[in-house]
S.K.: 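Sharing a structure here in structure tokens format.
Just so you know, these numbers use all the heavy atoms, side chains as well, and skip hydrogens, waters and symmetry mates.
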Amino acid sequence: MLFRESAASLANRTRLEGRVTDLLTENFLHRHGHRPQPSEVRSWERSIPALTNALVEAGLGEVEMLLEYGLPLTSKRADVVLAGVHPISGAPSYIVVELKQWSEAYPEEDDPLRCRVPSYPAPVLNPIEQVRGYCDYLVSFNGALERNPEAVTGVAYLHNATEFGVGGLREVTEDHHGRMFTGDQRGAFLDYLRARLAPKPGAGAADDLLQARVRPSRQLMAVAAEEVRDREQFVLLDEQRLAYETVMAAVRRARRSHHKQVIVVTGGPGSGKSVIALSLLGDLYRRGVPALHATGSQSFTKTMRKVAGARKPEVQRLFRYFNSFMEAEPNDLDVLVCDEAHRLRKTSANRYTKATLRTGRPQVDELIDAARVPVFLLDQHQVVRPGEMGTVEQIRHAAAEQGVECTLVELDSQFRCGGSDSYLRWVTSLLGLEGDGPIEWEPDGKVELLIADSAQDLEDFLGAKRAHGYGARISAGYCWKWTTKISPGTTALPPDVVIGDWSKPWNLYGDRSLLGAPPAPLWATDPAGFGQVGCVYTAQGFEYDWSGVIMGPDLVWRTDRWVVDRAASKDPSFTKATPDADVDRLVRNTYKVLLTRGMIGTIVYSTDRETREKLRSLIPSGA
């Protein structure tokens, strides 16, 4: 949240001090580390006074206005949440308000959940559906609304628009979580506000909302079975919902007119790519639309098969690998959802591939051919292995060569790491992937970051968190040899990762559990995985409450810069033929993946003294 004040006080502040946007801009810069976009500033300047004046005119000056309210466990923000007292029940009452400056908008043809605005180059989500998503999400994650979900309603206020200019948006069904008022319905909007809010102070209700317990995000793996077999479990917000509707619109076109279209969805760690993938798969599966899910990750695919298809073999068959489509008939599927598409490889051939299939055909071409609507979800900064090459440019080029339309949807929010975009920016700056170099971590109340003095301290800290019911894992850079063959009769897993007098085994090799440890594909989701150290290949694509990250000697800080020591890496995918520049990039990407797995917090330890000192200078408190 950027600012909180009563409507009357905010109106008075605006009258005496002029633009409230300067205050919001200053708060935004402090919270996010960069200035807001000019379009956002213009929106504040024009839309917030329109809402403030409406509240004052309605006699609701004591209602509390929460500006740019951050939805829990995500970086998404609602424009305004109004907090007050219900005029009949006297209970807390909240209105989520989505403000639009639009004067004209119309629904996308055959798809009213998306709409066209003349000044925008691509379709956007219908604001009625947008604010409905915010309300549904808030009810799902804010404890103050757990017992009284009816306390929150949602409204899109298009204060510059007339019914003539935007009336077509009402093709979307309106309800108490999503409805719309235009500028020429101002009287009706005031009546709506008075029906939900009493002319009494709203500070107490605002306190209740802001101080309420945040329910942990429903972990991806824990609900996959219901997602695919039963009913949708996730609430998709903004760009997530837009991506979902873009795919579903393409599916309808494909089934109606044999149209083919490639959809590319990009986003950083935790932006909801896999949630979109599962939502799509679940909905398509329930509708009987031929669709498959594919990844280049053995861990992710096998976990999906185990969790989502626990009781139905046909569900397990929905989850494939990228190299499963070498012999697929063109357009045999309606939809192919390619999750973690940054793990695409140049070709699908490997040492087990039959000679007749070793055509050298690009893997991306095979995947595009396999379905009428191939969907690629990717994060280009998560490429961690030589030969992985999934990029937007590569997919666009492949689609263009086949004469296929390609649509890009970018996800700018994220749900991992407590929804803290500041933390993600800190990680990418730390590793030199973006920005001007490491910056000091400023706690933002969304995610915790700590540094440990030893590997034992790191383990003890996470053990204490587990004792309080949290999930936790320890992962490390690939700097220790991995024992892949364990002799029969062995009574304990070999201590691969040895740091002084502390040691732990790597996660198991293979698909079978042993000595109480889960198989490698289930390391991130089985509670027994805490007993082993995971590597990037078992952690990538997963999330857990608390993440412990051991930085090994492959990435160390020396005076004023990072130094990548390829000799310290034991990753067998790095060969003599792998260029130094590629190793440098892949090692940094590896630690980005490991440092962005934690939902609630991350604790870091480096085996190198100088690196620990550098981290300690950037992280205010220690474990």
S.K.: Sub-3.5 Å donor-acceptor pair from the side chain of Trp557 to the main-chain atoms of Thr559, do we have one?
M.R.: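 Pair found, side chain donor or acceptor close to backbone of Thr559.
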S.K.: Side chains of Glu245 and Glu129: does their closest heavy-atom pair fall under 4.5 Å?
M.R.: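 Side chain of Glu245 against side chain of Glu129, heavy atoms only: no contact under 4.5 Å found.
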S.K.: Could you state the interatomic distance from CD1 (Ile95) to OH (Tyr157), rounded to the nearest 0.5 Å?
M.R.: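 Output value for this atom pair is 12.5 Å.
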S.K.: Say you draw a straight line from CZ of Arg585 to CG of Leu431; how long is it, rounded to the nearest 0.5 Å?
M.R.: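 It is 14.0 Å, given to the nearest 0.5 Å.
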S.K.: What are the two closest non-hydrogen atoms of Ile395 and Leu378, and how far apart are they?
M.R.: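 Minimum heavy-atom contact is CD1-CD2, 3.5 Å.
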S.K.: With a 4.5 Å limit on heavy-atom distance, are the side chains of Leu411 and Ile276 in contact?
M.R.: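 In short, these two side chains touch, coming nearer than 4.5 Å.
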S.K.: Say whether Asp554 and Ser569, considering side chains only, have a donor N or O and an acceptor N or O under 3.5 Å apart.
M.R.: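 No, no side-chain donor-acceptor pair sits under 3.5 Å.
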S.K.: Salt bridge between Asp207 and Arg4, side-chain N to carboxylate O under 4.0 Å?
M.R.: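 Arg4 and Asp207: salt-bridged.
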S.K.: Can Ile439 and Leu618 be said to form a side chain to side chain contact (heavy atoms under 4.5 Å, CB included), step by step?
M.R.: CA-CA 7 Å; Ile439 56 177; Leu618 299 172; 5.9 Å; no
S.K.: Could Glu239 and Lys76 be called an ion pair, given the rule that one side-chain N must be under 4.0 Å from one carboxylate O?
M.R.: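 Looking at Lys76 together with Glu239, the answer is yes, because their closest N to O distance falls below 4.0 Å.
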S.K.: For the backbone of Leu23 and the side chain of Glu26, can you confirm whether one donor and one acceptor N or O come within less than 3.5 Å of each other?
M.R.: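 No.
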S.K.: Classify the side-chain pair Tyr94/Asp208 by whether it contains a donor and acceptor separated by less than 3.5 Å.
M.R.: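 Side chains of Tyr94 and Asp208: no pair found under 3.5 Å.
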S.K.: Considering non-hydrogen atoms only, spot the tightest contact between Ser47 and His159 and give its length.
M.R.: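 In this case the closest contact between Ser47 and His159 is OG-NE2, 2.8 Å.
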S.K.: Side chains of Phe542 and Arg597: does their closest heavy-atom pair fall under 4.5 Å?
M.R.: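 Side-chain contact under 4.5 Å: no.
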S.K.: Start with the C-alpha gap between Arg241 and Leu113, add the side-chain angles, then the distance that decides, and say whether side chain to side chain contact (heavy atoms under 4.5 Å, CB included) holds.
M.R.: CA-CA 9 Å; Arg241 185 61 185 268; Leu113 289 174; 3.5 Å; yes
S.K.: Arg343 and Gln540: side-chain donor and acceptor closer than 3.5 Å?
M.R.: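 Present: a donor and an acceptor within the cut-off.
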S.K.: Without swapping roles, check the side chain of Trp441 against the backbone of Leu450 for a donor-acceptor pair under 3.5 Å.
M.R.: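 No, the answer is negative, given that no donor and acceptor are paired below the 3.5 Å cut-off.
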S.K.: Decide if atom CD of Glu440 counts as having more than 12 heavy atoms of other residues, nucleotides or ligands within a radius under 6.0 Å.
M.R.: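 More than 12 within 6.0 Å, yes.
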S.K.: Under 3.5 Å, is there a donor-acceptor pair between the side chain of Ser617 and the main chain of Lys614?
M.R.: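 Answer holds: yes.
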S.K.: Any side-chain heavy atom of Val172 within less than 4.5 Å of one from Arg132?
M.R.: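 Val172 vs Arg132: side chains touch.
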S.K.: Could you walk me through whether Asp421 and Lys446 pass salt bridge (Lys or Arg N to Asp or Glu O under 4.0 Å), step by step?
M.R.: CA-CA 9 Å; Asp421 50 6; Lys446 288 190 171 185; 5.5 Å; no
S.K.: Report yes or no: do Gln261 and Thr407 form a side-chain donor-acceptor pair below 3.5 Å?
M.R.: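 Yes - a donor-acceptor pair under 3.5 Å links their side chains.
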S.K.: Over all heavy atoms of both residues, which pair between Leu138 and Leu71 is shortest? Give the atoms and the distance, please.
M.R.: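 Minimum heavy-atom contact is CD1-CD2, 4.1 Å.
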S.K.: Find the distance between OG (Ser606) and CD1 (Ile451) and round it off to the nearest 0.5 Å.
M.R.: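 Ser606 OG to Ile451 CD1: 7.5 Å, rounded to 0.5 Å.
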S.K.: Would you mind reporting whether Tyr423 and Asp444 have side-chain heavy atoms less than 4.5 Å apart?
M.R.: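 Not touching, per the 4.5 Å side-chain cut-off.
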S.K.: May I ask you to decide if the ring planes of Trp546 and Phe461 are parallel, tilted or perpendicular, using 30° and 60° as cut-offs?
M.R.: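 Rings of Trp546 and Phe461: perpendicular, over 60°.
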S.K.: Take atom CD of Glu410 as the centre, draw a 6.0 Å sphere, and report whether it contains more than 12 heavy atoms from other residues, nucleotides or ligands.
M.R.: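 Counting other residues, nucleotides and ligands, CD of Glu410 stays at 12 neighbours or fewer.
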S.K.: Do you know the tightest heavy-atom contact between Val124 and Leu242?
M.R.: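 Minimum heavy-atom separation between Val124 and Leu242: C-CD1, 3.9 Å.
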S.K.: Just wondering, are more than 12 heavy atoms of other shown residues or ligands nearer than 6.0 Å to CD in Glu610?
M.R.: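 It does: Glu610 CD has more than 12 such atoms within range.
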S.K.: Quick check: do Val556 and Asp565 have side-chain heavy atoms less than 4.5 Å from each other?
M.R.: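 Val556 vs Asp565: side chains apart.
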S.K.: Give, for atom CD of Glu448 and atom CD1 of Ile619, the distance between the pair rounded to the nearest 0.5 Å.
M.R.: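 One gets 12.5 Å once the value is rounded to the nearest 0.5 Å.
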S.K.: Taking side chain as C-beta onward, heavy atoms only, is Asp453 less than 4.5 Å from Arg612?
M.R.: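 When only atoms from C-beta onward are counted, Arg612 and Asp453 do not touch, as no gap falls below 4.5 Å.
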S.K.: Look at atom CG of Asp560 and say whether more than 12 heavy atoms of other residues, nucleotides or ligands are closer to it than 6.0 Å.
M.R.: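 Counting other residues, nucleotides and ligands, CG of Asp560 exceeds 12 neighbours.
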S.K.: Answer yes or no: does atom CZ of Arg558 have more than 12 heavy-atom neighbours from other residues, nucleotides or ligands under 6.0 Å?
M.R.: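 Enclosed.
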S.K.: With rounding to the nearest 0.5 Å, note down the distance linking CG in Leu51 to CG in Asp79.
M.R.: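 It is 9.5 Å, given to the nearest 0.5 Å.
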S.K.: As a test of understanding, state which of Val96, Val152, Val81 forms a side chain to side chain contact (heavy atoms under 4.5 Å, CB included) with Tyr134.
M.R.: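 Checked Val96, Val152, Val81 against Tyr134; only one passes side chain to side chain contact (heavy atoms under 4.5 Å, CB included): Val96.
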S.K.: Among Asp379, Val409, Leu408, find the one that has a side chain to side chain contact (heavy atoms under 4.5 Å, CB included) with Thr266.
M.R.: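 With Thr266 as partner, side chain to side chain contact (heavy atoms under 4.5 Å, CB included) holds for just one option, Leu408.
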S.K.: Report yes or no: do Lys100 and Gln130 form a side-chain donor-acceptor pair below 3.5 Å?
M.R.: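 The answer is yes; a qualifying pair exists.
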S.K.: With rounding to the nearest 0.5 angstrom, report the CG to CE distance, Asn126 to Met180.
M.R.: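 Answer rounded to 0.5 Å: 7.5 Å.
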S.K.: Taking all non-hydrogen atoms of both residues into account, name the closest pair between His177 and Thr153 and its distance.
M.R.: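 In terms of heavy atoms, the two residues are closest at CD2-CA, 4.4 Å.
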S.K.: Apply the test side chain to side chain contact (heavy atoms under 4.5 Å, CB included) to residues Leu66 and Leu209: give CA-CA distance (whole Å), side-chain angles for both, the deciding distance (0.1 Å), then the verdict.
M.R.: CA-CA 10 Å; Leu66 311 181; Leu209 190 74; 4.0 Å; yes
S.K.: NE2 of His34: more than 12 outside heavy atoms within 6.0 angstrom?
M.R.: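 Enclosed: over 12 neighbouring heavy atoms sit under 6.0 Å from NE2 of His34.
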S.K.: For the pair Glu45 and Arg42, evaluate salt bridge (Lys or Arg N to Asp or Glu O under 4.0 Å) and give the outcome as yes or no after the intermediate values.
M.R.: CA-CA 5 Å; Glu45 191 169 22; Arg42 286 194 300 272; over 6 Å; no
S.K.: I would like to know whether Thr14 and Thr52 meet side chain to side chain contact (heavy atoms under 4.5 Å, CB included); could you show each step before the answer?
M.R.: CA-CA 10 Å; Thr14 304; Thr52 305; 5.9 Å; no
S.K.: What's the shortest heavy-atom distance between Thr246 and Arg114, and which atoms?
M.R.: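 Reported closest heavy-atom pair: OG1-NH1, 3.3 Å.
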S.K.: Is the shortest heavy-atom distance from the side chain of Ile474 to the side chain of Tyr605 under 4.5 Å?
M.R.: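 Of all side-chain heavy-atom pairs linking Tyr605 with Ile474, none is under 4.5 Å.
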